[in-house]
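Since we're looking at a predicted model, the values are computed, not measured. Here is the naming used below: chain letters follow the sequence lines, and residue numbers restart at 1 for every chain.
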Amino acid sequence: MSLSFVFCGNFHLLSNSIGSTCGIRLLKQHSRLIYETLLTSRRQQIRHFSTTVLARSTRKGSKQSFSNNRHLHGESVEPSIEVFKQSELEQFKSLQCYNVDDKISGVKTEWPATILVFDIETTGFSRREDRVIEFAVRDLMGGKNSTFQTLVNPEKDVKNTFVHGISNRMLCRPDVPRFRELIPVLLQYVWSRQMDSKPVLWVAHNGRSFDVPFLFYEFRRCKVEMPGDWLFVDTRPIANQLVDSNGSKLSSVSLENLREHYKIPLTGSAHRAMQDVTTLCYVLQKLTFELKLTVPQLLEKSFRVSDLPAARHER
DNA sequence: GGCCCTCTTTAGGGCCTT
């Protein structure tokens with residue numbers, strides 16, 4: 001399957017899914033077992049997480065459904081729909097490689113993997129000293145409940161608010177989960193999006209050096225092992241293959257530079273997790289289309305958390 | 001910290017992530 005086919009088709013869905021938000025409410029019935037398994041050291045109260053989440057209830061094999069009770073807590077976690085205006089959506093639509101409606105109409109797309117584009121905001125660059133303060137992910141399949149985002153209480157001072165605008169005041173609230181409380185929700189999100197026994201492929205920019213090792217350390221601090229069958233792909237080395245109109249390599253392959261290279265409009269604040277996820281979704285679409293990368297080829301470039309030097313050193 | 005590039009490989013500097 002051509003990745004451009006997938007992404008162009010999904011681009012259509014992505015545009016539609018931008019307006020798709022709902023809340024996630026942890027259901028005691030489904031979450032208690034995981035909570036009691038993972039959180040033995042401290043009795044936890046079931047919390048309302050404000051997110052744009054979660055399970056596609058019609059997905060075959062989905063292990064559970066979620067209520068759609070919206071429970072947003074102010075400025076801290078705003079659903080992505082609020083940062084997009086109709087005019088901006090029209091701009092996104094103009095980025096389509098071709099009219100996918102004609103090509104995918106009536107065609108049942110067989111996805112070889114669940115592709116989850118994600119991003120994190122942290123208190124700094126050190127995976128040992130710093131903590132995750134925001135997590136966002138978008139399932140490229142799109143549709144209702146395809147996104148998930150939440151702030152995370154790092155249990156330490158945030159000193160880089162100037163980067164992302166996330167302050168201590170926004171995080172030190174009873175309704176903002178700690179990472180150990182986020183884990184079961186994240187696992188449920190992935191299970192709800194996974195198709196049959198097909199692989200889950202996480203995509204992040206500079207993910208091999210930053211996002212994935214950061215998550216590894218967060219999971220390890222919570223004494224929970226990251227699923228060994230999760231696959232990850234880093235878009236940064238892929239972007240290194242790009243050349244400009246003069247045939248020269250791009251001077252920079254930062255996400256910001258790639259956004260400008262592809263003339264993707266900036267909506268909302270950069271360095272907020274869901275905003276960067278949305279940008280990366282479009283960059284990924286353009287990138288794979290330009291380099292003619294297929295999903296199997298993307299899977300070939302993937303790695304597992306056990307491949308990380310940080311994980312190998314732990315053995 | 002990992003990857004990429006080059007004035008390289010017995011190395012070192014820059015990029016990218018918050």
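- Relative to the side chain of A/Arg127, the nucleotides B/dT18, B/dC16, B/dG1 differ in distance, and B/dG1 lies closest.
- At the phosphate of B/dG1, neither OP1 nor OP2 sits under 4.0 Å from any side-chain N or O atom of A/Arg208.
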Write out a two-atom table: protein N or O, nucleotide N or O from nucleotides 4-7 of chain B, distance below 3.5 Å.
unit_1 : atom_1 : unit_2   : atom_2 : d
B/dC5  : OP1    : A/Lys249 : NZ     : 2.3

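- Donor-acceptor pairing under 3.5 Å is recorded for the side chains of A/Asp130 and A/Thr123.
- Within the 4.0 angstrom heavy-atom criterion, no nucleotide atom of any strand lies near A/Asp211.
- Between the CZ atom of A/Arg272 and the C1' atom of B/dT17 there is a distance of 17 Å, rounded to whole Å.
- A salt bridge between A/Lys159 and A/Asp157 is absent, with no side-chain N of the basic residue lying under 4.0 Å from a carboxylate O of the acidic one.
- Taking only side-chain nitrogens and oxygens, A/Ser252 comes nearer than 4.0 Å to OP1 or OP2 of B/dC16.
- Computed from coordinates, the A/Tyr217 OH to B/dT17 P distance equals 21 Å when rounded to whole Å.
- The CG atom of A/Asn257 sits 15 Å away from the C1' atom of B/dT17 (whole-angstrom rounding).
- The salt bridge (Lys or Arg N to Asp or Glu O under 4.0 Å) test applied to A/Glu290 returns no partner, not counting sequence neighbours.
- Of the candidate nucleotides B/dT18, B/dC3, B/dG1, B/dT18 has the atom nearest to the side chain of A/Asn160.
- To the nearest angstrom, C1' of B/dC16 lies 17 Å from CZ of A/Arg259.
- Look at A/Arg180 and A/Glu155 and you find a salt bridge, because one of the NZ, NE, NH1 or NH2 atoms lies within 4.0 Å of a carboxylate O, short of that distance.
- Rounded to a whole angstrom, the distance from the P atom of B/dT10 to that of B/dC15 is 25 Å.
- Here A/Ile133 lies out of heavy-atom contact (under 4.0 Å) with every strand.
- Of the candidate nucleotides B/dT17, B/dT18, B/dG1, B/dT18 has the atom nearest to the side chain of A/His271.
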